[in-house]
Amino acid sequence: MKKNQKVAVDQLEVGTFIRLPMSWKDHPFLFSSFKIKNTAQIELIKALGLKDVFFDPEKSDVEPVTSATAEQMPPTEEEINTLKEQMLSDKAAKIEEQKKLKRDLKKTEQQFERSVAMMRSMVAKVSSRPLNAVNEAKDLINNITNMLLNSDNLALHLMGDAKNDEHIYHHSLNVAMLCMLMAKELEWTREEVQTIGLGALFHDIGKLKVPSTILNKRVPLSAPEENFIKQHPLMSINFLKLADSFPEEAKPLIANHHEFLDGSGYPQGLKADSLDKLSQLIAVVNEYDNLCNGTNQIKGKPPSVALGLLYKNYNNNKLNAEYVSKLIKMLGIYPPGSIVELSSGQFAIVMSVNLQQLLFPNIVVYDQLVPKNQAPIINLQNHNMTIVRSLPAAALPKTVHAYLNPRDKISFGIGAN
């Protein structure tokens, strides 16, 4: 039987998965595609004036049959009206809920864009006005610290793609914010939270000394080119020598953000006993963000895959096991940017993670009858759905991929949930 076959409404049964051929705003159901749960829903569909709907056999528990063979007692008109009123009320509440989620996301996006602009300004001033650059960085980190330490309802949001010339700013902000979140979860002092945040903002500034012909090269680097790029942590330290006010305690984590506990890192091949806890923490977060966003030579991984690789390949000997476990626990199984399949059979993208409710992220669900710019953000905690699995964006059908718009580069913003 073909997928999405047209079927008469009179043939619908409880357990059939259908798609309503009408606008999302014109019916009381939360989604236009769903599995029928009871006979009252069938009567509601009939009341919409539809003669046919689309039936998906792969997602259905039963085949459609003629209503004459159905054994269920039809619901009364009063039961149908009560259900319809309840569903319309629930849908209205859900619409208001998703409007709030969109407002919160927009606010976080605006804060993130301001932070990117500040990063761009700071980097431009490091050589000419280093004191101004460091003071601006301290202000930014102080604001982020206040938000982290004064709110119990934080969420990690998925931000828009970075422009080609802004990747270093997005990466630096990602690493700074995740490091600060981790430091908070590890119950470090406020001073330590701020120190690792400040160091993370400038950890890759040395890459500005790397010729763009090397940095943007899309074919494998030569050995001399690779060795040159591996010196960028020390180049970052040399950059900051111009800034007398830059805290000394933040410099080791900048120099050591590519060092591994077993001595296999660079640029100095240091081992665990030579790496302080801030250096060990930024190494974990930097590796995760690099896995997510890749390089010109290596394609980025889906966030959930990146976490799995971090755990499998580095947990035992290269990176601090406690910090790897804490990052996985903090981001959840499905970090922002993950493409997932729901128990309803629908595809979705994770837009934000409530740091207090990791199993119930906020998602945008693909629904071909809802315009892309009107797609609701759904909080899984408030719906009778679960995530079945995570999958790579490449596995999505073209129409779903274009609708959900998976990010080529993953950027994070911290805001309210």
Side-chain angles (χ1 to χ4, degrees), residues 1-9 12 16-36 45 48 50-61 64 91 94-95 98-99 101-102 105-106 109 157-162 292-294 299-305 334-352 361-380 383-411:
M1 186 177 290
K2 291 184 179 180
K3 194 172 183 179
N4 290 332
Q5 179 181 351
K6 187 178 286 189
V7 63
V9 170
L12 294 179
T16 51
F17 191 98
I18 65 161
R19 175 167 62 84
L20 300 175
M22 62 190 308
S23 173
W24 178 72
K25 66 179 184 297
D26 293 334
H27 61 74
F29 298 94
L30 186 59
F31 297 109
S32 296
S33 300
F34 56 93
K35 186 184 292 184
I36 296 174
I45 294 168
L48 295 172
L50 296 173
K51 293 182 179 180
D52 303 297
V53 296
F54 291 97
F55 162 66
D56 187 337
E58 293 183 8
K59 297 176 182 176
S60 298
D61 298 332
K91 187 171 181 177
K94 297 297 184 284
I95 290 172
Q98 67 96 8
K99 284 181 180 177
L101 290 171
K102 284 192 172 183
L105 182 58
K106 185 66 177 177
E109 285 177 340
H157 296 280
L158 176 67
M159 297 289 97
D161 281 333
C292 282
N293 291 314
K299 188 172 177 61
K301 308 291 190 299
S304 55
V305 173
Y334 308 106
S338 298
I339 300 295
V340 296
E341 183 178 351
L342 305 175
S343 55
S344 64
Q346 295 162 287
F347 295 113
I349 184 171
V350 176
M351 294 301 296
S352 62
N362 296 322
I363 59 174
V364 168
V365 181
Y366 169 70
D367 189 330
Q368 67 190 85
L369 295 179
V370 179
K372 180 179 174 179
N373 62 349
Q374 296 177 25
I377 300 175
I378 301 297
N379 186 333
L380 273 182
H383 298 84
N384 188 27
M385 288 186 297
T386 57
I387 294 175
V388 175
R389 61 175 177 140
S390 179
L391 63 161
L396 293 174
K398 287 184 180 180
T399 52
V400 182
H401 191 284
Y403 188 101
L404 296 180
N405 188 27
R407 309 299 193 263
D408 288 330
K409 301 288 186 182
I410 304 295
S411 295

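Reckoned from all heavy atoms, side chains included, excluding hydrogens, waters and symmetry mates. Counting from 1, the numbers follow the sequence of the chain as shown.
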Minimum heavy-atom separation for [X] and [Y], please, with both atom names.
| X | Y | value |
| --- | --- | --- |
| V365 | A348 | CA-CB, 4.0 Å |
| S32 | H27 | OG-NE2, 3.1 Å |
| S60 | F55 | OG-CE1, 3.0 Å |
| H157 | S352 | ND1-CB, 3.1 Å |
| L50 | V9 | O-CG2, 3.3 Å |
| S390 | S338 | OG-CB, 4.4 Å |

Item to check | pair V388-L342: side-chain heavy atoms closer than 4.5 Å | outcome: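 V388 vs L342: side chains apart.
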Item to check | Test side-chain contact (heavy atoms from CB on, under 4.5 Å) applied to I45 and I36, step by step | outcome: CA-CA 10 Å; I45 294 168; I36 296 174; 4.1 Å; yes
Point-to-point distance, once rounded to the nearest 0.5 Å, from [atom1] of [X] to [atom2] of [Y]:
| X | Y | atom1 | atom2 | result |
| --- | --- | --- | --- | --- |
| K102 | I377 | NZ | CD1 | 6.0 Å |
| D56 | S33 | CG | OG | 8.5 Å |
| M22 | L48 | CE | CG | 5.0 Å |

Checklist entry - Can you name the side chain to side chain contact (heavy atoms under 4.5 Å, CB included) partners of E109, sequence neighbours left out? => result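 E109: side chain to side chain contact (heavy atoms under 4.5 Å, CB included) contacts with L105, K106, M159.
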Checklist entry - Can you name the ring-ring contact (aromatic ring centres under 6.0 Å, His included) partners of F34, sequence neighbours left out? => result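 F34: ring-ring contact (aromatic ring centres under 6.0 Å, His included) contacts with F29.
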Checklist entry - Can you list the steps and then say if T16 with V7 is a side-chain contact (heavy atoms from CB on, under 4.5 Å)? => result CA-CA 11 Å; T16 51; V7 63; over 6 Å; no
Short side-chain to backbone donor-acceptor contact, [X] and [Y], under 3.5 Å:
| X | Y | result |
| --- | --- | --- |
| S304 | Y334 | no |
| N293 | I410 | yes |
| T386 | S343 | no |

Checklist entry - Tell me the salt bridge (Lys or Arg N to Asp or Glu O under 4.0 Å) pairs involving residues 387-396, sequence neighbours left out? => result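 Output for this query lists E341-R389.
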Next on the checklist: Between K35 and D61, does any side-chain N to carboxylate O distance fall below 4.0 Å?
Outcome noted: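 Salt bridge: yes.
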Checklist entry - Got a sec, which residues hit side chain to side chain donor-acceptor pair (under 3.5 Å) with K301, two or more places apart in sequence or on another chain? => result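 Not a single residue meets the side chain to side chain donor-acceptor pair (under 3.5 Å) criterion with K301.
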Please list, one pair per line, the donor and acceptor atoms closer than 3.5 Å that link side chains of residues 391-404 to other protein atoms, with sequence neighbours excluded.
unit_1 : atom_1 : unit_2 : atom_2 : d
Y403   : OH     : D367   : O      : 3.3
Y403   : OH     : V370   : O      : 2.9

Checklist entry - What's the verdict on side-chain contact (heavy atoms from CB on, under 4.5 Å) for L158 and I349, showing C-alpha distance, side-chain angles and the deciding distance? => result CA-CA 10 Å; L158 176 67; I349 184 171; 4.0 Å; yes
Next on the checklist: Test of understanding: with salt bridge (charged side-chain N to carboxylate O under 4.0 Å, His left out), list the residues that count as partners of D52, not counting sequence neighbours.
Outcome noted: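 So D52 forms no salt bridge (charged side-chain N to carboxylate O under 4.0 Å, His left out) with any residue.
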